[in-house]
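After the structure tokens below, expect a handful of questions from me.
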Amino acid sequence: TGNVPTNVQTKLRESVSVLDFGADPTAATSSQVAIQAAITYAYANQRSVYFPAGTYVMTSSIQMGTSVHDAGTFFHMYGDGLNSSVIKVTTASIAPFYWLAPDPLVDADRITGRILIADMGFFGPGAHSLAKSGQALKFIGAQGIQIQRVKCFGWTDGVFMQQVDIAEISSSWLQSNTNGFNSDCDAASYAYGAGGSMNSLLFKDNIIANNTLGINYYGGNGPIFRDNNFTSNTSSIVISSTAGKDSTTTCPVVEGNYFEADLSNILILGGDSGGGQGIILGGSVQHNSMLITPATTAINVQNISNTIGRMTIGGNTQIATDGTANFTAITQGSIQKADYNGMNGSLYQVGSTITDTKTGVLNGAAVNIFKLGTYGQVMSGVLTVIGSSTGIVTVKSYLINMLGSGNTIAVLTATNPQDYSGGASTFTATDTSDTPVAGTNTISLNNTSGATCTFTWSLTIVQLTGTLTKL
């Protein structure tokens with residue numbers, strides 16, 4: 001009769017329900033044996049596995065397929081929604097669903113959706129306690145993975161991948177894990193030579209919240225992180241950090257994401273500590289929005305290389321809850337390998353006016369009022385300062401042209417100084433290079449009044465490319 005045309009929906013209906021194998025959707029008893037039986041049958045008969053709405057308790061790991069080779073073949077598992085069809089694990093240090101397949105390079109049939117997990121929730125041992133452990137979904141050597149509309153809550157790793165080829169995680173929710181997503185790093189791993197771990201990851205339209213690390217990507221080729229919402233992680237994205245291992249990431253793309261309330265660095269690129277080298281080759285960080293707290297550095301570039309092309313960082317916007325936050329920290333060794341093009345957003349926008357008051361400045365002392373950094377950023381504006389001490393009030397205005405390179409002194413041109421009460425000038429304004437850190441320039445007010453002084457200043461910004469920080 002020949003083949004009958006089909007589509008994805010029809011294919012998914014060719015499934016078996018875990019209820020038919022005795023699974024308990026009320027969580028009153030373990031469904032471990034029933035789920036194992038359903039999966040074994042599905043692999044043997046090329047069927048999908050369906051989890052109807054309910055909560056299913058699992059107590060040990062299931063290695064997917066009846067052999068290592070089977071784990072690399074087609075398998076679909078789906079439910080009725082990420083909060084409706086829930087896997088609940090109460091046993092520590094297990095991976096309830098564990099794919100162990102051959103090195104994906106042995107299979108030229110690179111098909112996305114070879115393995116599909118959709119519309120399910122996975123609640124780990126730490127979901128209702130502080131003791132997070134285990135990995136909700138674990139893949140080693142698998143190929144063609146799609147994870148859609150999935151929730152992972154309370155694990156060491158929500159999703160773990162190593163030596164994986166072609167993977168997509170979308171419209172999912174990774175919350176309250178140690179790592180929302182984690183990939184391992186091994187000097188002999190598959191992908192980019194020494195230290196690569198993955199090839200082609202697309203991570204989009206996800207919510208990543210309250211994890212220690214939202215994304216811990218150790219190394220690989222061409223990862224894309226796009227249009228995600230990161231909230232209240234310690235750090236949201238770490239790419240090719242070291243942790244005592246070597247890793248290389250080629251051409252990472254971080255674009256169109258929203259970041260809010262991270263406790264440390266939002267984005268860390270590369271590393272050079274702990275006995276390992278983490279290197280970024282090329283890539284781009286563009287058009288992201290970051291709402292940050294005073295203790296946060298938005299983008300921390302630690303170790304990048306221009307071996308195959310320069311990294312582009314630009315078009316990002318920052319809204320800070322306080323003027324002491326840093327937008328970007330770039331190590332001096334890395335700056336020559338990145339096109340930090342000065343188009344990033346900043347704490348303050350063109351046309352805005354910053355005001356502040358510094359009290360109790362001793363005679364002969366200097367006080368820093370704002371800084372520009374890092375490397376190649378530009379600011380021009382009009383600074384007005386009112387200094388007052390011992391009945392003397394002095395008003396000065398300056399035109400400022402400032403380059404935040406750390407070694408180029410800003411040009412401050414005084415205009416229309418006005419002294420009141422017959423006093424002499426109470427202060428001077430100067431630019432201090434490489435202060436407070438290398439690669440930044442800081443404007444300081446120096447008290448020369450002979451007495452303790454109060455400074456009230458305002459800066460109207462005419463041009464700004466980069467990060468201006470009130471001190």
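Only this structure's heavy atoms are used, side chains among them; waters, hydrogens and symmetry mates stay out.
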Taking side-chain contact (heavy atoms from CB on, under 4.5 Å) as the test, write out the residues that go with Lys204, two or more places apart.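 Lys204 satisfies side-chain contact (heavy atoms from CB on, under 4.5 Å) with Glu168, Ser170, Leu202 only.
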Residues in ring pair (Phe, Tyr, Trp, His ring centres under 6.0 Å) contact with Phe51, at least two apart in sequence or another chain: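 Per chain and number, Phe51 pairs via ring pair (Phe, Tyr, Trp, His ring centres under 6.0 Å) with Tyr56.
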Test item: Asn257 side-chain N/O and Asn228 main-chain N/O as donor-acceptor pair under 3.5 Å: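 Yes; judged by distance alone, with no hydrogens or angles, the pair exists.
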How would you list, by chain and number, every residue that makes a side-chain contact (heavy atoms from CB on, under 4.5 Å) with Thr90, sequence neighbours excluded?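 Testing Thr90 for side-chain contact (heavy atoms from CB on, under 4.5 Å), a comparison that skips the adjacent residues, returns Lys88.
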For Asn199, run the side-chain contact (heavy atoms from CB on, under 4.5 Å) check against Asp165, Thr250, Val164 and tell me which one passes.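 Among Asp165, Thr250, Val164, the one that satisfies the side-chain contact (heavy atoms from CB on, under 4.5 Å) with Asn199 is Asp165.
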Looking at OG of Ser236 and CD1 of Ile266, how far apart are the two atoms once the value is rounded to the nearest 0.5 Å?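 One finds 6.0 Å between OG of Ser236 and CD1 of Ile266.
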Judged by modelled atom types alone, do Asn265 and Ser235 share a side-chain donor-acceptor pair under 3.5 Å?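 Note: Asn265 and Ser235 side chains miss the donor-acceptor criterion.
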Filter on salt bridge (charged side-chain N to carboxylate O under 4.0 Å, His left out), then keep only pairs touching residues 212-237, sequence neighbours left out; what's left?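 Sorted result for residues 212-237: Arg226-Glu255.
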Hey, are the side chains of Lys138 and Val159 touching, using non-hydrogen atoms and a 4.5 Å cut-off?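 Side chain of Lys138 against side chain of Val159, heavy atoms only: no contact under 4.5 Å found.
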What's the verdict on side chain to side chain contact (heavy atoms under 4.5 Å, CB included) for Leu267 and Val285, showing C-alpha distance, side-chain angles and the deciding distance? CA-CA 9 Å; Leu267 173 62; Val285 178; 3.7 Å; yes
Taking Ser183 for its side chain and Tyr218 for its backbone only, find out whether a donor-acceptor pair lies under 3.5 Å.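 Yes; at least one donor-acceptor contact below 3.5 Å.
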All side-chain hydrogen bond (donor to acceptor under 3.5 Å, both in side chains) counterparts of Ser289, not counting sequence neighbours: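 side-chain hydrogen bond (donor to acceptor under 3.5 Å, both in side chains) list for Ser289, sorted by chain: Thr317.
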Leu174 side chain reached by Asn206 side chain, heavy atoms, under 4.5 Å: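 Result no, sub-4.5 Å side-chain heavy-atom pair not found.
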Those residues that, when tested against Ser93, pass side-chain hydrogen bond (donor to acceptor under 3.5 Å, both in side chains) (two or more places apart):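 Per chain and number, Ser93 pairs via side-chain hydrogen bond (donor to acceptor under 3.5 Å, both in side chains) with no residue.
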Indicate whether any N or O donor in one side chain lies under 3.5 Å from an N or O acceptor in the other, for Ser458 and Thr355.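 No, no side-chain donor-acceptor pair sits under 3.5 Å.
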Give the ring-plane orientation class for Phe123 versus Phe153, where under 30° counts as parallel, over 60° as perpendicular and anything between as tilted.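 Tilted: the ring planes of Phe123 and Phe153 meet at 30° to 60°.
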Using side-chain heavy atoms (C-beta onward) and a distance below 4.5 Å, is Met161 in contact with Ile169?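 Yes, close enough: below the 4.5 Å cut-off.
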Using the test side-chain hydrogen bond (donor to acceptor under 3.5 Å, both in side chains), find all partners of Thr231 that sit at least two apart in sequence or belong to another chain.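 If we apply the side-chain hydrogen bond (donor to acceptor under 3.5 Å, both in side chains) test to Thr231, skipping adjacent residues, the hits are Asn229.
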Residue list, salt bridge (Lys or Arg N to Asp or Glu O under 4.0 Å) with Glu260, at least two apart or on another chain: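 Not a single residue meets the salt bridge (Lys or Arg N to Asp or Glu O under 4.0 Å) criterion with Glu260.
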Pick from Thr91, Val89, Leu137: which one makes a side-chain contact (heavy atoms from CB on, under 4.5 Å) with Pro96?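 Exactly one option meets the side-chain contact (heavy atoms from CB on, under 4.5 Å) with Pro96, and it is Val89.
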Do Pro125 and Trp155 touch side chain to side chain, with heavy atoms closer than 4.5 Å?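 Side chain of Pro125 against side chain of Trp155, heavy atoms only: contact under 4.5 Å found.
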Test side-chain hydrogen bond (donor to acceptor under 3.5 Å, both in side chains) applied to Asn179 - qualifying residues, sequence neighbours left out: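 Asn179 satisfies side-chain hydrogen bond (donor to acceptor under 3.5 Å, both in side chains) with Asp157 only.
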Do Gln143 and Ile145 touch side chain to side chain, with heavy atoms closer than 4.5 Å?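 Heavy-atom side-chain distance check fails, nothing below 4.5 Å.
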What residues, two or more places apart in sequence or in another chain, satisfy side-chain contact (heavy atoms from CB on, under 4.5 Å) together with Asp80?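 Asp80 satisfies side-chain contact (heavy atoms from CB on, under 4.5 Å) with Tyr50, Pro52, Ala53, Ser84, Ser85 once adjacent residues are dropped.
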Mind telling me whether Phe122 and Phe97 have parallel, tilted or perpendicular rings, with 30° and 60° as the class edges?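 Rings of Phe97 and Phe122: perpendicular, over 60°.
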Is there side-chain contact between Leu116 and Met77, with at least one heavy-atom pair below 4.5 Å?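 No, too far: nothing below the 4.5 Å cut-off.
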Has the side chain of Ser449 got a donor or acceptor atom that lies under 3.5 Å from a matching backbone atom of Ala451?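 Looks like yes, one N/O pair under 3.5 Å.
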Holding to salt bridge (Lys or Arg N to Asp or Glu O under 4.0 Å), I want the full list of residues that pass it with Lys358, two or more places apart in sequence or in another chain.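 With sequence neighbours excluded, Lys358 shows a salt bridge (Lys or Arg N to Asp or Glu O under 4.0 Å) to Asp356, given in chain and number order.
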If only atom types and distance count, is the side chain of Thr456 paired as donor or acceptor with the main-chain N or O of Thr357 below 3.5 Å?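 No: the side chain of Thr456 does not pair with the backbone of Thr357.
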Mind running side chain to side chain donor-acceptor pair (under 3.5 Å) on Asn210 and Ser176 for me, showing each step along the way? CA-CA 5 Å; Asn210 299 108; Ser176 298; 4.9 Å; no
Using only heavy-atom distances, determine whether the side chains of Asn368 and Ser444 contain a donor-acceptor pair under 3.5 Å.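 Yes.
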Side-chain (Ser61) to main-chain (Ala95) donor-acceptor, under 3.5 angstrom: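 The answer is yes, because a donor-acceptor pair under 3.5 Å joins these two groups.
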Less than 4.5 Å apart, side chain to side chain, heavy atoms only: is that true for Phe160 and Ile140?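 In contact.
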Apply side chain to side chain contact (heavy atoms under 4.5 Å, CB included) to residues Thr359 and Phe455 and explain how you reach the verdict. CA-CA 6 Å; Thr359 61; Phe455 295 119; over 6 Å; no
Taking side chain as C-beta onward, heavy atoms only, is Ser172 less than 4.5 Å from Ile147?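 Yes. Closest side-chain heavy atoms under 4.5 Å.
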For a side chain to side chain contact (heavy atoms under 4.5 Å, CB included) check, start with the C-alpha distance between Phe259 and Asn288, then their side-chain angles and the critical distance, and finish with the verdict. CA-CA 8 Å; Phe259 300 90; Asn288 300 285; 4.0 Å; yes
Considering residues at least two apart in sequence or located in another chain, which fulfil the side-chain contact (heavy atoms from CB on, under 4.5 Å) criterion with Ala365?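 Here the qualifying residues are Val361, Leu362.
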